[in-house]
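Structure first, then comments.
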Amino acid sequence: MLDAKLLRQDPESIAKRLAVKGVQFDVAAFLALDEQRKALTVDMQELQNTRNVKSKGIGKAKAQGEDIAPLLAEVESLKAQLAEAEAKQAAVQSQIDEILMGTPNVPADDVPAGNDEDDNVEVMKWGEPTAFDFEPKDHVDLGEQLGLDTETAANIASARFAVLKGGLARLQRALTQFMLDTHGAEHGYTEVYVPYIANADSLRGTGQLPKFEEDLFAIRRGEDEVPFYLIPTAEVPVTNMVRGKIVEDKELPVKMVAHTPCFRSEAGSYGRDTRGLIRQHQFEKVELVQLVRPQDSWAALEELTGHAEAVLQKLELPYRKVILCGGDLGFSAAKTYDLEVWLPGQQAYREISSCSNFESFQARRMQARWRNPETNKPEPPHTLNGSGLAVGRTLVAVLENHQQADGSVVIPEALRPYMGGLEVLAP
RNA sequence: GGAGGGGUGGCAGAGCGGUUGAAUGCACUGGUCUUGAAAACCAGCAAGGGUUAAUAGCCCUUCGAGGGUUCGAAUCCCUCCUCCUCCGCCA
């Protein structure tokens with residue numbers, strides 16, 4: 001949620017920055033609505049004040065044993081008037097809330113302009129696209145021999161699910177453990193286990209709702225029940241751990257890592273990446289979440305991105321780092337780095353991690369606070385998160401980059417302890 | 001699934017229709033005292049919104065959430081959420 005105060009003070013500059021994201025913010029309409037809200041609020045509050053004063057008078061009179069009938073008559077018409085004034089005010093207020101909840105975060109100053117992923121800017125590159133002295137296969141062809149079975153998964157559920165068997169299943173588990181251990185032991189994150197189902201308040205808190213409900217899997221217990229949602233990322237449960245809470249300064253920075261499955265309906269992406277594991281309804285991800293003091297968040301974004309990069313480097317996977325342009329930036333993010341791993345099967349760099357600073361946007365939506373020791377007042381902290389990494393896509397990258405001519409796959413050294421010492425995964 | 005008891009300020013915990021936004025304690029902030037600290041004492045200490053030059057005053061809202069009764073609700077009624085205790089069931 002945008003800072004309503006800031007929006008009132010300087011709507012023009014916010015509108016200008018939102019334009020970088022391709023969002024037209026109607027400043028005039030917002031200000032007009034806000035003027036209405038103020039006027040109606042004053043009307044309503046005057047009536048409330050009258051009611052309060054008169055009611056207190058009645059209380060006093062009664063205590064002194066006076067006749068309160070004339071006072072009651074005086075107050076009679078007030079009730080209806082007040083109800084009307086409150087309804088008017090509430091109507092305008094809810095329009096304003098809708099705008100505030102539906103408006104994305106403003107991009108940081110150094111976010112490049114652009115419409116889509118083609119306008120993202122490469123920041124750095126690690127390693128070179130893997131060279132082969134044979135024609136490399138993609139992960140689907142490699143996986144067929146190693147235990148990837150999408151047909152069985154379709155039989156169980158539908159398209160865009162996968163069954164992994166044997167060594168491949170173990171490789172995915174090894175990757176997960178390796179990532180959790182790396183972030184826990186080397187990068188100072190606390191491992192957390194969280195629910196995979198979240199309520200609507202949580203999804204509003206991180207920004208998936210109200211605008212992106214079609215991307216989620218909703219579940220209802222009964223027809224009339226409010227829905228719960230399968231989490232699309234661990235960002236939702238982990239960040240919402242502090243929803244409605246006040247965090248003490250000495251507890252910051254909070255750094256948490258969680259492994260969860262992620263569920264995405266992938267509505268609107270029919271026909272894209274239909275082959276293999278790249279775009280699934282269910283996939284595993286190790287997620288990094290940080291809660292930091294506002295002044296520390298930009299340094300924290302660099303640090304957190306580095307933590308994700310460390311995993312790619314240990315797995316000897318070539319990648320590049322891009323900064324997302326305004327048009328490709330997510331709803332809640334102020335700035336995002338994507339890490340894109342080289343996939344020989346596609347001869348392309350593909351997203352494997354997305355690391356974002358949300359500044360106070362999520363904290364304000366979920367009313368998370370920290371007590372600023374300088375003012376002793378509660379203020380929204382800054383939140384960040386990043387994939388560290390998407391496990392399914394990492395599995396793809398390991399298979400494709402470390403494949404050999406005979407269809408076997410060399411296990412990266414860092415992973416071998418998690419594979420019982422296995423050096424090569426063969427059919 | 002059954003029975004019962006709770007949810008109040010940063011925390012603990014009173015209040016159970018009427019000058020209660022809320023006693024008291026702890027924590028926190030400032031002051032007195034002290035060489036310094038502690039103790040003691042004094043004072044302050046919720047958030048959001050409106051008005052305003054104002055982080056001054058004044059006003060409004062908020063006692064789990066939402067509805068209702070009433071001139072007036074933290075206090076009464078209804079629904080929901082949530083926590084705890086006991087029984088049953090279960091991994």
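Proteins get letters first, then strands, A, B, ... in listed order; numbering begins at 1 in each.
- Rounded to an integer number of Å, the gap from A:Gln89 CD to B:U51 P is 12 Å.
- In this structure, B:C71 and B:G18 make a Watson-Crick or G-U wobble pair, each of the two defining distances being under 3.5 angstrom.
- For A:Lys79, counting side-chain heavy atoms from C-beta on, the closest listed nucleotide (B:G50, B:A47, B:G72) is B:G72.
- Rounded to whole angstrom, the span from the NZ atom of A:Lys56 across to the P atom of B:A22 amounts to 9 Å.
- Straight-line distance between the C1' atoms of B:C63 and B:A14: roughly 13 Å, to the nearest whole Å.
- For the P atom pair drawn from B:A22 and B:C78, the interatomic distance equals 30 Å after rounding to whole Å.
- Scanning both residues, A:Ser356 and A:Thr336, for their nearest heavy atoms gives OG-OG1, 2.7 Å.
- For A:Lys38 against B:G50, a side-chain-to-base donor-acceptor contact under 3.5 Å is absent.
- Taking atom C1' on both nucleotides, B:C76 is separated from B:C86 by 29 Å, rounded to a whole Å.
- Spacing of P atoms, B:G64 relative to B:G15, comes out at 15 Å, to the nearest Å.
- A gap of 23 Å separates the P atoms of B:G9 and B:G5, to the nearest Å.
- In this structure, the CD atom of A:Glu374 is 19 Å from the P atom of B:C28, given to the nearest Å.
- If you measure from atom CG of A:Leu82 to atom C1' of B:C60, you get 11 Å, rounded to the nearest angstrom.
- Side-chain polar atoms of A:Lys285 and A:Thr233 form a donor-acceptor pair below 3.5 angstrom.
- OP1 or OP2 of B:C60 sits under 4.0 Å from a side-chain N or O of A:Asn52.
- Rounded to whole angstrom, the span from the CD atom of A:Glu86 across to the P atom of B:G67 amounts to 11 Å.
- The nearest whole Å value for the distance from the CG atom in A:Asn376 to the P atom in B:A47 is 9 Å.
- Comparing B:G21 with B:C45, their P atoms are spaced 16 Å from each other, to the whole Å.
- Judged by distance alone, the side chain of A:Ser387 and the main-chain N or O of A:Ser354 form a donor-acceptor pair under 3.5 Å.
- With rounding to the nearest 0.5 angstrom, the CZ atom of A:Arg8 is 11.0 Å from the CD1 atom of A:Ile14.
- Pair check for B:U34 finds none; no Watson-Crick or G-U wobble contact set falls under 3.5 Å.
- Set against B:U19, B:G50, B:U61, the side chain of A:Gln48 has B:U61 as its closest nucleotide.
- Of all nucleotides present, only B:A47 satisfies the Watson-Crick or G-U wobble test against B:U61, with each distance under 3.5 Å.
- Ranking B:A47, B:G49, B:C60 by closeness to the A:Arg37 side chain, first place goes to B:G49.
- Side-chain proximity of A:Val75 to B:A47, B:C71, B:G10: nearest is B:C71.
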Please determine whether side-chain contact (heavy atoms from CB on, under 4.5 Å) holds for the pair A:His382 and A:Arg293, giving the CA-CA distance in whole Å, both sets of side-chain angles, and the decisive distance to 0.1 Å. CA-CA 6 Å; A:His382 283 192; A:Arg293 298 178 189 94; over 6 Å; no
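- In this structure, the nucleotide among B:G72, B:G49, B:A47 sitting nearest to the side chain of A:Arg51 is B:G72.
- Across all strands, A:Lys62 comes closer than 4.0 Å to base atoms (heavy-atom distances).
- Comparing the same atom, P, in B:A27 and in B:C80 gives a spacing of 42 Å after rounding to whole Å.
- Side-chain rings of A:Phe331 and A:Phe361 approach one another, their centers coming within less than 6.0 Å.
- Centroid-to-centroid, the aromatic rings of A:Tyr189 and A:His307 come within less than 6.0 Å.
- Mapping A:Leu72 and A:Ala4 onto RNA chain B via the closest heavy atom, the residue that lands nearer the 5' end is A:Ala4.
- For the C1' atoms, the distance from B:U75 to B:G68 is 15 Å, rounded to whole Å.
- A:Asp201 has its CG atom 17 Å from the P atom of B:G64, to the nearest Å.
- A:Arg37 contributes no side-chain N or O that, together with a main-chain N or O of A:Gln89, makes up a donor-acceptor pair within less than 3.5 Å.
- In this structure, B:A53 makes no Watson-Crick or G-U wobble pair, since no nucleotide meets both defining distances under 3.5 angstrom.
- Nearest to the side chain of A:Arg371, among B:G50, B:U19, B:G10, sits B:G10.
- For A:Glu248 against B:G10, a side-chain-to-base donor-acceptor contact under 3.5 Å is absent.
- Mapping A:Lys377 and A:Phe228 onto RNA chain B by nearest heavy atom places A:Lys377 closer to the 5' end of the strand.
- Using a 4.0 Å heavy-atom cutoff across all strands shown, A:Ile58 reaches at least one base atom of the nucleic acid.
- Here the side chain of A:Ser55 is nearest to one of B:G72, B:G50, B:C28, namely B:G72.
- At whole-Å resolution of the value, CG in A:Asp97 and P in B:G49 are 12 Å apart.
- When each of B:C59, B:U19, B:G50 is scored by its nearest atom to the side-chain atoms of A:Asn49, the top-ranked nucleotide is B:C59.
- Pairing of B:G88, defined by two Watson-Crick or G-U wobble distances under 3.5 Å, is not identified with any nucleotide.
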